[in-house]
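One structure below.
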Amino acid sequence: MNDPVHHSMDIGDGTRAVRAGLPEPVKHEPTLPGPVFAAHFHLPGDPTGPYTYGRDENPTWTRLEQAISELEAPGRPVETVAFASGMAAISAVAFSQLRAGDAVVLPDDGYQALPLLRERLEAYGVEVRTAPTGGDAQLRVLAGARLLWIESPSNPGLDVCDIRRLVREAHAGGTLVAVDNTLATPLGQRPLELGADFSVASDTKGMTGHGDLLLGHVTSGDPELAAGVRRWRKVVGAIPGPMEAWLAHRSLATLHLRVERQCANALVLARALAERDDVSAVRHPGLPEDPSHAVAAGQMRRFGSVVSFVLPDRDKAERFLGELRFVEEATSFGGVRSTAERRGRWGGDAVPEGFIRFSVGAEDPEDLLTDVLHALDTVR
Ligand code: PLP
């Protein structure tokens, strides 16, 4: 499990991604063994692990968790716990760490299900404070909190906060820090190296990248914190299916290729959009003129595949989406096929009616650009 080659810092992201979590080669066995479908395992005598009952552990999860650990924190002993979805992973950190009387700081511009989490936490007697991601504004409401929840870059506004700074101040006051790293993926940002206690993600998105499964994970360098999260998974039973876990592991082999291509495409698109007078408020942390760029450049290794921008009104935004040939109108992001949506249709985000969240895929950049510019020209 702790094979030094797997954990080595001296290999590149591509090599690490294609080899992540592979077991030692065994003659006549496949490189990545297939999914293990088991509700229970043969268990004569004393019930000792690792594999006893299917809600507690599964060898397919173990390999995926090892792979994610290698990507999240190369060369460091960290633990990953895989979950059935990103929300299961987020809830696991929140509910395993917070008790009645504690305070938690959430972003007020984060993923749109966070208000649902807030409602639950408050019902259990947890004080919930919120502040925007940009300008490190969460610092202003941090005093005495048990947990600080960061989402950087934020979804869908793509604001960024200085994670090292927030961690420093949080830890000085005894506050734990969790970072939702969904948008960046571990190839874009490594929250544990920036000092966070938990790196959390919806692996439904760029991490697996094909839009065909839901999954999430929590990684921590602190064995006690990780054990609390693992116990929560056993209690709630928010476990990944073996098939999903295996598909996710298989998808990690192309993570580097996908992320490189999608991030490069995102920058090409953002640059082209920024030059147009019928598009406003183009946001992408990789754009040098973006308000987030300076902070992002200090902590991100790649800037992500999401671009956001605003069209003049709802009608123009809807017509723009309808004109696109290679871009599917769908929610979610991070997939190899470009998707886009008018985010205001959900009603949960504080965005203008013409706000578009565009998830850039792995298409040829020329095709994507031609498609997008043609759609914009048509609705102008
Ligand atoms: N975190 C972020 C930033 C997200 O965008 C999402 C989903 O869109 C989630 C968490 C929740 O993930 P899941 O849909 O896998 O539960």
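Keep in mind that the numbers below use all heavy atoms, side chains included, and drop hydrogens, waters and symmetry copies. Order of listing sets the numbers, starting from 1, for every ligand and every atom in it.
The D180 neighbourhood of ligand 1 comprises atoms 1 (N), 2 (C), 3 (C), 10 (C), with distances under 4.0 Å to a heavy atom of that residue. The contact set between ligand 1 and F333, taken as ligand atoms under 4.0 Å from a residue heavy atom, comprises 5 (O). Set against the non-hydrogen atoms of S202, the atoms of ligand 1 under 4.0 Å away are 9 (C), 10 (C), 11 (C), 12 (O), 13 (P), 15 (O).
The shortest contact between atom 11 (C) of ligand 1 and any protein heavy atom is with Y111 CE2, 3.5 Å. Of the protein's non-hydrogen atoms, the one nearest atom 15 (O) of ligand 1 is T204 OG1, 2.6 Å.
The closest approach between any non-hydrogen atom of N155 and ligand 1 is below 4.0 Å. Note on ligand 1: K205 sits in its first shell, one or more heavy atoms being nearer than 4.0 Å.
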* To do: Let me see the working for H256 and R302 under side chain to side chain contact (heavy atoms under 4.5 Å, CB included), right down to the final yes or no.
  => CA-CA 11 Å; H256 179 250; R302 296 175 179 87; 3.5 Å; yes

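Annotation: cation-pi geometry not satisfied between R357 and F355 (NZ/CZ under 6.0 angstrom from ring centroid, within 45° of ring axis).
Close N/O approach between M87 and ligand 1 is found [any backbone or side-chain N/O within under 3.5 Å]. An N or O contact shorter than 3.5 Å links G86 to ligand 1 by distance.
Checking E341 against W346 by side-chain atom types alone, a donor-acceptor pair falls below 3.5 Å.
Of the heavy atoms in D203, none comes closer than 4.0 Å to ligand 1.
Using a 4.0 Å cut-off between charged nitrogen and carboxylate oxygen, R283 and D159 count as a salt-bridge pair. Ion pair D13/R16 flagged as a salt bridge, since at least one NZ, NE, NH1 or NH2 atom sits closer than 4.0 Å to an Asp/Glu carboxylate oxygen.
The only member of R319, R345, R342 that meets salt bridge (charged side-chain N to carboxylate O under 4.0 Å, His left out) when paired with E329 is R345.
Proximity of the aromatic rings of H293 and F303 is defined here by a centroid distance below 6.0 angstrom, and this criterion is met.
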